[in-house]
Enquirer: 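Below you'll find the structure I mean.
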Amino acid sequence: MRERLKKIIEKSQHLVFFGGAGVSTESGIPDFRSEEGLYKTRNQFGYRPEEIVSHEFFFAHPDVFYRYYFAFMIHPQAKPNACHRALAKWEQEGKRVSVITQNIDGLHDMAGSGEVYELHGSIHRNNCVKCGKTYDLPYILDEKNTEKNIPYCHRCHGMIKPEVVLFGEPLDQEVIEGAVSAISQGDTLIIGGTSLAVYPAAGYVGAFRGGNVILINKEKTLGEVEADISIQGPIGEIMGSIAGI
Ligand code: NAD
């Protein structure tokens, strides 16, 4: 199976990678829906994680949101793993590699990928809800910029909101258009580390018109996809071995 996959990738000129939280578990960031995921983990906040990471909850209880967010969703020490690095390597070797990610951790950027569509935003971009001033991650992690655990704008003292798409919020139209256009142009589609349960993101893979669809996931995906090659296993280890890193 891996040999066949290696040949397909070697021949491919435009790889499209569609990934989710499972891509970063080998970097030490927990996903939502697998056995070890955050949805199964008890937390001390008295709310379900899917409730906390919603638009309504953010504005109703920003202090609880931020306590959860800092404790479970921000991993400043995380580094790209072999999956992120394999994609960057293939791009460096001359292929077009379009990365469409549901992740908010910025690890594809950090690995050096140049064409990344972050469907759900990024923890590295943060905006004041009052005046719109933007802040990086170190600013909101710095205790002297927070009050009651909530980061505040130093210009107007408005509350800062991470530029991540919370449940109940729409995706950025420009990012969607770029991602769907890239998917529709690719000759090989690799889907990996995603339960394919989060919509509308999971639906975008339907725009693929190319040759091979490859699925690499640890557990059976919740959303259905017709794959030419399906491999069950850790995506970092698999992609890394194919890329020879
Ligand atoms: P999910 O949690 O719903 O599903 C993750 C999937 O990845 C599971 O099917 C699991 O079996 C698989 N998986 C876990 N580790 C794997 C590995 N090493 N190799 C291969 N497969 C592996 O994730 P989702 O589909 O991305 O949807 C969850 C939402 O949560 C996304 O929208 C994302 O924004 C957000 N999220 C992001 C991060 C992050 O940025 N790293 C982390 C948690 C959640």
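Count residues from 1 along the sequence. When a ligand or atom number is given, it counts from 1 through the structure's own listing order.
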Enquirer: Could you list the residues that satisfy side-chain contact (heavy atoms from CB on, under 4.5 Å) with E237, not counting sequence neighbours?
Expert: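 Partners of E237 by the side-chain contact (heavy atoms from CB on, under 4.5 Å) criterion, ordered by chain and then number, come out as R2, E26, P234, S241.
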Enquirer: In order of chain and number, which residues sit within 4.0 Å of ligand 1 by heavy atom?
Expert: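 For ligand 1, the residues that come within the 4.0 Å heavy-atom cutoff are G20, A21, G22, S24, T25, E26, I29, P30, D31, F32, R33, S34, Q102, N103, I104, D105, H120, G193, T194, S195, L196, V198, N217, K218, E219, G233, P234, I235.
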Enquirer: Tell me every residue that passes salt bridge (charged side-chain N to carboxylate O under 4.0 Å, His left out) with K161, counting only those two or more places apart in sequence or in another chain.
Expert: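 E169.
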Enquirer: Does the side chain of T188 come under 3.5 Å of the side chain of N212 through a donor N or O and an acceptor N or O?
Expert: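 Not at all, the side chains of T188 and N212 share no donor-acceptor pair under 3.5 Å.
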Enquirer: Restricting to side-chain contact (heavy atoms from CB on, under 4.5 Å), what partner residues turn up for P170, sequence neighbours left out?
Expert: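 side-chain contact (heavy atoms from CB on, under 4.5 Å) list for P170, sorted by chain: empty.
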Enquirer: Distance only, no hydrogens: is a donor on one side chain within 3.5 Å (strictly under) of an acceptor on the other, for E50 and S54?
Expert: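 E50 vs S54: no donor-acceptor pair found between side chains.
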Enquirer: Sub-3.5 Å donor-acceptor pair from the side chain of N103 to the main-chain atoms of A21, do we have one?
Expert: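 Yes.
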